[in-house]
Number of protein chains: 2
Amino acid sequence: MNTSFSIIIADDHAMFLDGLTSILSKEKTIHISLTAKTGAQVLKYLRINTEEKIDLVITDINMPEMNGVELNTAIKSEFPQIKTLVVSMLEDAKKIKALTEANVNGYISKNAEKTELLKAIKSILNGENYFSPRIKQVLMEAMFSKKSKPEISLSKREIEVLKLIAQEFTTQEIADKLFLSKHTIESYRKNLISKLGVRNLAGLTRYAVEKGMLE
Amino acid sequence: MNTSFSIIIADDHAMFLDGLTSILSKEKTIHISLTAKTGAQVLKYLRINTEEKIDLVITDINMPEMNGVELNTAIKSEFPQIKTLVVSMLEDAKKIKALTEANVNGYISKNAEKTELLKAIKSILNGENYFSPRIKQVLMEAMFSKKSKPEISLSKREIEVLKLIAQEFTTQEIADKLFLSKHTIESYRKNLISKLGVRNLAGLTRYAVEKGMLE
DNA sequence: TTGAAACTCACGGTTTTCAGTGAAAACAAA
DNA sequence: TTTGTTTTCACTGAAAACCGTGAGTTTCAA
């Protein structure tokens, strides 16, 4: 039986990495095999040191080169026995969802207490998954809001036209750009207005900007 | 002469706080008087413990109750002899500028190395200010871009009208709301269009949304 | 292969916006 | 006190957007 667990910590914030290391190095049952600043470094290490048994990888989401989601997916496909815990600042529902789909074993916030961190690690090493209450809530809300909102879906053309409208092009100009009739663009504009529940160009533009469709 | 410096650390992220504490507690010349999760806690402590001499307060920008900028302003006005260092994730030019105007003594990023952290602390305790190269760059760029842009300034009424336009109200509706003539609103709209260098409602709306005028 | 969704086009009528031009009154700053 | 800014209002003609209604074609999944 294993009396000590080997873990890897990855985070691009040096101070946070130091902090986490210093907290965990006080735990007798935990051995820190590697601290890394990118997901790529972690993968490289795992691929080379095939004889060393790693139990857990603790990782941030936002890292250069390879982010947390990619790293998790890679680990779970190449080394399915290794557990993963994400410790992140973010509470972005999309990213959290992506992580659960990548079968991450736990997720806690960076402003969690030390005790919660240790609790999460112990749970995961014990074979359970651990998600902090706040994260569970975000996940629930994401599911819930998806059901409540009829999920307005726009077609390719609609998106194309909407973007151009928000970029201040007139109907005629958009028609010329897309080699379509002026009437066609008018139809799209009309449909967009009714689909998105807005009243005019201002509403369409606001929708586009707020959804980050322009860049 | 002082052989040991007393410092306070404030950050709402428990793990980061632990990390910073564990790094700094290894330094013989540094004594950690308090670790806090909010700016308000720090101020309270400073006001009560008037006999204890604090040399440096290390703080994040984003904290509940009282943020880094507010905390800095308060410290500098009530306890001008206390030095301050901001350690933050953000590189938002506006916030950084606000901090420099609050006379913060240093600013480094959370992904700075431990060595840079210690360097910054030592510089500041030595009477110098310390801003990491990256932060200096952001500040320079902010200054530079401000000079290049003629700084479009809108009057109260213009802002009022612009907001309503971006909220999908028609000219007539805005006129009614503000008890003005339809013609007046038309004048404002026209001026806004030429002032902001846009072509139509879409452009006005984009400007308003991107400047965060709606909320 | 069949039906739904997406894509395309058309037209007449109404409302709103856009562009140009002008100007009076109030107010603050120099 | 003069100058500049802000706020307010007016009119016209052209352009664009908005509204309703209808319909042919393509495309893709069930």
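All values derive from a computational prediction rather than experimental measurement. In what follows, chains are A, B, ... by sequence order, proteins preceding strands, each numbered from 1.
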| Roughly how many Å is it from CD in B:E186 to P in D:dC11, rounded to a whole number? | 11 Å
| field | Residues which pass side-chain hydrogen bond (donor to acceptor under 3.5 Å, both in side chains) with B:T84, listed by chain and number, not counting sequence neighbours | value | B:N72
| query | Could you state the NZ-P distance from A:K190 to D:dA17, rounded to the nearest angstrom? | reply | 13 Å
| Hey, can you pull the residues of residues 159-176 of chain B with a non-hydrogen atom under 4.0 angstrom from DNA chain D? | none
Per-pair distances, 0.1 Å, donor-acceptor, side chain in residues 121-130 of chain A, under 3.5 Å, sequence neighbours excluded:
| from | atom 1 | to | atom 2 | distance (Å) |
| --- | --- | --- | --- | --- |
| A:S123 | OG | A:K119 | O | 2.9 |
| A:N129 | OD1 | A:N105 | ND2 | 3.2 |
| A:Y130 | OH | A:E116 | OE2 | 3.0 |

| task | Could you state the atom-to-atom distance from CG of A:L196 to P of D:dC18 in whole Å? | result | 13 Å
| Results of salt bridge (Lys or Arg N to Asp or Glu O under 4.0 Å) for B:K37 - residues two or more places apart only | A:E113
| note | B:L192 CG to C:dC18 C1', in whole Å, measures 13 Å
| said: Quick one: does any side-chain atom of A:D176 pair with a main-chain N or O of A:F179 as donor and acceptor, under 3.5 Å? | reply: no
| said: Determine whether a donor-acceptor pair (N or O, by modelled atom type, separation under 3.5 Å) exists between the side chain of A:K76 and the backbone of A:K83. | reply: no
| said: How would you summarise protein contacts on nucleotides 24-30 of chain D per nucleotide, using B for base, S for sugar-phosphate only and - for none, with heavy-atom distances below 4.0 Å? | reply: -------
| query | Which residues pass the side-chain contact (heavy atoms from CB on, under 4.5 Å) test with B:K190, sequence neighbours left out? | reply | none
| query | Can you find a pair of side-chain heavy atoms, one from A:T100 and one from A:F131, that are under 4.5 Å apart? | reply | yes
| How many Å lie between CG on A:L204 and P on D:dA16, as a whole number? | 18 Å
| query | So, are B:K110 and B:D60 salt-bridged, with charged N and O less than 4.0 Å apart? | reply | yes
| For A:E78, all residues meeting side-chain hydrogen bond (donor to acceptor under 3.5 Å, both in side chains), sequence neighbours excluded | A:R47
| Angle between terminal axes - the helix from C:dT1-D:dA30 to C:dA30-D:dT1, 5 pairs each end, rounded to 10° | 60°
| Nearest-Å distance for atom pair CD1/C1', residues A:I193 and C:dT15 | 13 Å
| query | Reckon A:R189 has a side-chain N or O less than 4.0 Å from the OP1 or OP2 of D:dA17? | reply | yes
| remark: Taken to the nearest 0.5 Å, the spacing of A:K177 NZ from A:L164 CG works out to 6.5 Å
| note | By side-chain hydrogen bond (donor to acceptor under 3.5 Å, both in side chains), A:T171 pairs with (sequence neighbours left out) A:R189
| query | For the pair made of CZ in A:R199 and C1' in D:dA17, what is the distance, rounded to whole Å? | reply | 13 Å
| said: Just to verify, what does B:E160 make a side-chain hydrogen bond (donor to acceptor under 3.5 Å, both in side chains) with, not counting sequence neighbours? | reply: B:R157
Would you tabulate the pairs of protein nitrogen or oxygen atoms and nucleotide nitrogen or oxygen atoms of nucleotides 3-9 of chain C closer than 3.5 angstrom?
| from | atom 1 | to | atom 2 | distance (Å) |
| --- | --- | --- | --- | --- |
| C:dC7 | OP2 | A:S155 | OG | 2.0 |
| C:dT8 | OP1 | A:R157 | NE | 3.3 |
| C:dT8 | OP1 | A:R157 | NH2 | 2.9 |
| C:dT8 | OP2 | A:R157 | NE | 2.7 |
| C:dT8 | OP2 | A:Y188 | OH | 2.9 |
| C:dC9 | OP2 | A:S181 | N | 2.8 |
| C:dC9 | OP2 | A:T184 | OG1 | 2.7 |
| C:dC9 | O5' | A:T184 | OG1 | 3.2 |
| C:dC9 | N4 | A:S187 | OG | 2.6 |

Hey, can you pull the donor-acceptor pairs under 3.5 Å for the side chains in residues 191-199 of chain B, sequence neighbours left out?
| from | atom 1 | to | atom 2 | distance (Å) |
| --- | --- | --- | --- | --- |
| B:N191 | ND2 | B:S187 | O | 3.4 |
| B:S194 | OG | B:N191 | O | 3.3 |
| B:K195 | NZ | B:S153 | O | 3.2 |
| B:K195 | NZ | B:E158 | OE1 | 2.7 |
| B:K195 | NZ | B:E158 | OE2 | 3.1 |
| B:R199 | NH1 | A:E173 | OE1 | 3.1 |
| B:R199 | NH1 | A:E173 | OE2 | 3.3 |
| B:R199 | NH2 | A:E173 | OE1 | 3.4 |
| B:R199 | NH2 | A:E173 | OE2 | 2.7 |

